[in-house]
Amino acid sequence: MTSTAGSTTPTGAAKRPELADRVRRFSAAERLVHRAVAVLMLLCLASAACLYLGPLAQLVGRRPLVAAVHKWSGILLPLPVLLGLLSAEFRADLRRLNRFAPYDREWLRAVRRRRAWPEARPAGKFNAGQKLYAGWIAGAVLVMAFTGLLMWFKDLLPFVSRTSAIFVHDLLAWAIAFVVFGHLRKAVQDPEARRGMRTGYVGRAWAERHHSRWLPRDGSDG
């Protein structure tokens, strides 16, 4: 306890005033993983567009350089996630993303019935849509890496035709671009969620409204 000009301030007891109405959502390690994955994903998609869309290919040129950027951004894409496993907070969020709770099914029913108000869509730290997005992207990246390696190293699996690998790779690339665009669109519509990823903190009122099962009121944490 320290005293200054007749007032007392408990050392380490009070929260900083600017964070009194905020709650910590992401650690520095989690935000770094997200940014690294986002940069690599955008590089991969942008270089793919420059390789496969004629007008862009002519505009950009330097096909060998663009091809190298595409290959290495795709190969390195899982690396930030693997490094993120060193963080306890990141591992805890992966467990949340992999756990589908009963209220997540309620969230999906509300989406299907076009119930947009937050009370109809209960969610933990991550809602059901975010969980499905994370799982789908993780699986798609693994398939893209596998088919990309088959295209790069033609003799890796001789019994799998290169044409089949190219077909799956290209088709899935369009699907990933569509899903990532939807993810970015949702992020643009929710500035508080973006602030959480940028600063690590979100408003408590926002968290209680849109992620009502997240804040630990009874010892649980969704």
[atom1]-[atom2] distance between [X] and [Y], expressed to the nearest 0.5 angstrom:
X    : Y    : atom1 : atom2 : result
L32  : F90  : CG    : CZ    : 10.5 Å
H169 : L150 : NE2   : CG    : 10.5 Å
M197 : R194 : CE    : CZ    : 12.0 Å
Y201 : R22  : OH    : CZ    : 10.0 Å
L76  : C44  : CG    : SG    : 10.0 Å
K131 : L108 : NZ    : CG    : 10.0 Å

Got more than 12 heavy atoms from elsewhere within 6.0 Å of CH2, W136?
yes
Take a 6.0 Å sphere around CZ of F100 and say whether it holds more than 12 heavy atoms from other residues, nucleotides or ligands.
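Correct, the count exceeds 12.
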Could you check whether any side-chain N or O of [X] sits under 3.5 Å from a backbone N or O of [Y], counting only pairs where one atom can act as donor and the other as acceptor?
X    : Y    : value
R121 : R115 : yes
R213 : P122 : no
T147 : M144 : yes
S212 : E208 : no

Between E119 and R209, is the side-chain contact (heavy atoms from CB on, under 4.5 Å) condition met? List the steps.
CA-CA 7 Å; E119 293 77 12; R209 181 167 172 76; 3.0 Å; yes
Apply side-chain contact (heavy atoms from CB on, under 4.5 Å) to the pair L94 and L85, showing each step before the final yes or no.
CA-CA 9 Å; L94 282 184; L85 295 175; 3.5 Å; yes
Answer yes or no: is there a side-chain heavy-atom contact under 4.5 Å between [X] and [Y]?
X    : Y    : answer
V143 : V168 : yes
D93  : F126 : yes
W206 : H211 : yes
W214 : R25  : yes
E30  : R35  : no
V180 : M41  : yes

In terms of heavy-atom contacts, G203 and E192 come closest through N-OE2, 2.6 Å
Which pair of non-hydrogen atoms, one from G84 and one from V33, has the smallest distance, and what is that distance?
CA-CG2, 3.7 Å
Within one Ile-Leu-Val-Met-Phe-Trp-Tyr cluster: [X] and [Y], side-chain cutoff 4.5 Å:
X    : Y    : value
L45  : V81  : yes
I137 : L184 : yes
L132 : F181 : no

With the threshold set at 4.0 Å, does a side-chain nitrogen-carboxylate oxygen contact exist between E106 and R109?
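So E106 does not pair with R109 through a salt bridge.
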Could you walk me through whether N127 and Q130 pass the side-chain contact (heavy atoms from CB on, under 4.5 Å) check?
CA-CA 5 Å; N127 62 44; Q130 291 168 323; 3.4 Å; yes
Geometric cation-pi criterion, R112 with W107: 6.0 Å, 45°
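Verdict for W107: no cation-pi partner in R112.
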Identified side chain to side chain contact (heavy atoms under 4.5 Å, CB included) counterpart of F26 within the set R31, E89, H34, R198
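So, applying the side chain to side chain contact (heavy atoms under 4.5 Å, CB included) to F26 and each of R31, E89, H34, R198, only R31 qualifies.
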